[in-house]
Amino acid sequence: MSWESTALYYQLLNRMAREAKGGQHSAKLVIWSVDFGPMAAMQAAGLWDELTMEMVEAARKLEGAGAEALLICANTMHRMADDVAAAIGIPLIHVADVTADAIRALGVRRPLLLATRYAMEQPFYRDRLRRGGVETVIPAEPSRARLQSIIFDELVQGRFKLASKDALVAMCESAVRGDGADGVILGCTELGLLLKPKDLPAPMFDTTEIHARAAMDFALAG
């Protein structure tokens with residue numbers, strides 16, 4: 001939902017279109033860019049019904065503008081994915097479904113989930129991954145609080161700190177050593193702005209890139 005990750009989706013989709021079709025080709029997109037401040041405040045206040053109405057309205061407008069498939073470009077806002085999908089007549093490409101496919105394809109069985117508190121602690125996201133055959137572990141409470149702060153106080157505001165990167169790497173190393181994690185899910189669309197595969201002790205699954213790839217595959221198959 002932040003423009004930092006919206007811009008990343010836009011870049012990824014256009015690069016993928018050029019790679020697939022060559023030359024001067026780019027992706028045909030319709031983007032609904034939100035003011036993330038009020039959205040984050042509603043998340044913090046637990047106003048999920050109000051957020052669902054916002055998302056349904058946006059989805060209907062995107063469909064009306066000619067979109068042929070829909071992406072919710074935020075893992076946390078998949079909390080209302082079923083309601084959004086039921087309100088429109090085009091496919092919704094669910095980030096957890098395509099991420100589970102990518103994890104299973106590499107034979108990873110027990111990845112660490114790095115995400116917002118909402119996606120780590122509420123059941124909607126981990127249950128969806130479980131339905132896709134993926135059982136996740138999450139960091140301990142102090143690390144979840146630190147991660148929430150890194151996402152909302154830094155990454156969505158375009159602040160990228162080496163100390164925060166080191167803290168995330170330490171969370172991953174601890175999960176691999178102590179919890180048997182054999183992969184890392186970047187379950188927040190901004191985390192890939194800070195972490196790269198070479199930084200981590202286990203295979204990394206960047207949901208932003210996986211989600212964008214699934215969307216491009218859908219578009220190219222049409």
Side-chain angles (χ1 to χ4, degrees), residues 1-2 5-6 8-9 12-13 29-36 38-105 111 113-138 144 148 151-152 156 185-191 205-219 221-222:
M1 294 281 111
S2 81
S5 61
T6 301
L8 183 56
Y9 268 95
L12 286 168
L13 287 163
L29 304 171
V30 183
I31 298 174
W32 187 270
S33 183
V34 306
D35 179 358
F36 186 62
M39 306 288 277
M42 285 192 281
Q43 288 178 351
L47 300 176
W48 297 105
D49 289 343
E50 290 82 350
L51 283 164
T52 298
M53 289 189 289
E54 293 271 352
M55 295 291 287
V56 166
E57 180 183 6
R60 286 172 170 163
K61 288 179 177 178
L62 288 166
E63 183 178 19
E68 296 174 319
L70 182 74
L71 303 184
I72 299 175
C73 297
N75 288 267
T76 295
M77 297 302 278
H78 279 74
R79 189 182 194 276
M80 61 280 298
D82 289 344
D83 291 318
V84 172
I88 55 177
I90 57 176
L92 184 149
I93 301 172
H94 198 295
V95 67
D97 292 346
V98 296
T99 298
D101 290 343
I103 292 168
R104 290 198 320 274
L113 174 62
L114 299 180
T116 65
R117 272 192 180 277
Y118 318 115
M120 289 187 292
E121 296 175 356
Q122 296 178 19
F124 69 94
Y125 194 80
R126 298 178 71 194
D127 282 355
R128 187 81 178 211
L129 287 170
R130 187 176 294 115
R131 278 157 46 191
V134 175
E135 190 69 43
T136 57
V137 296
I138 60 174
R144 297 201 299 272
Q148 181 85 347
I151 292 169
F152 284 92
V156 301
I185 302 171
L186 303 190
C188 173
T189 53
E190 289 83 17
L191 286 173
F205 300 91
D206 184 346
T207 56
T208 307
E209 185 168 353
I210 292 168
H211 204 198
R213 175 59 64 191
M216 186 52 56
D217 288 346
F218 175 91

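I185 CD1 to L191 CG: the interatomic distance, rounded to the nearest 0.5 Å, is 11.5 Å. In this structure, CG in L71 is found 10.0 Å from CG in L62, a value given to the nearest 0.5 Å. To the nearest 0.5 Å, atoms CE (M39) and CD (E54) are separated by 5.5 Å. In this structure, CG on D83 lies 11.5 Å from CD1 on I88, to the nearest 0.5 angstrom. Rounded to the nearest 0.5 Å, atoms CD1 (I31) and SG (C73) are 8.0 Å apart. To the nearest 0.5 Å, atom SG of residue C188 and atom CG of residue D206 are 10.0 Å apart.
Closest approach of Y125 and G187 over heavy atoms only: OH-CA, 4.3 Å. Between L13 and A212, the shortest heavy-atom contact is CD2-O, 3.4 Å. Across M77 and M80, no two heavy atoms sit closer than the pair O-SD, 2.8 Å. Smallest separation of non-hydrogen atoms from I72 and A81: CD1-CA, 4.1 Å. Across all non-hydrogen atoms, the minimal contact from L129 to A96 is CD2-O, 3.5 Å. Shortest non-hydrogen contact noted between F152 and F36 is CE2-CZ, 3.7 Å.
Under 4.0 Å is where a charged nitrogen must lie from a carboxylate oxygen, and between R128 and D82 at least one such pair does. With salt bridges taken as basic N to acidic carboxylate O contacts below 4.0 Å, none links R213 and E209.
In terms of modelled atom types and a separation under 3.5 Å, the side chain of R126 and the main chain of T136 share a donor-acceptor contact. The backbone N or O of I151 sits nowhere less than 3.5 Å from a side-chain atom of E190 that would complete a donor-acceptor pair. The main-chain N or O of F124 is never found under 3.5 Å from a side-chain atom of R79 such that the two would form a donor-acceptor pair.
Using a 4.5 Å heavy-atom cutoff, the side chains of Q43 and W48 are in contact.
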Inset, instruction - Go through the steps to decide whether L70 and E63 satisfy the test side chain to side chain contact (heavy atoms under 4.5 Å, CB included), and finish with yes or no. - result: CA-CA 8 Å; L70 182 74; E63 183 178 19; over 6 Å; no
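A donor atom on one side chain and an acceptor atom on the other are found under 3.5 Å apart for T76 and T116.
Of the listed residues (T189, T207, T208, T99), just one forms a side-chain hydrogen bond (donor to acceptor under 3.5 Å, both in side chains) with N75, and that residue is T207.
Annotation: ring pair (Phe, Tyr, Trp, His ring centres under 6.0 Å) contacts of H78 (sequence neighbours excluded): H94, H211.
Other residues, nucleotides and ligands contribute more than 12 heavy atoms inside 6.0 Å of the CD atom of E121.
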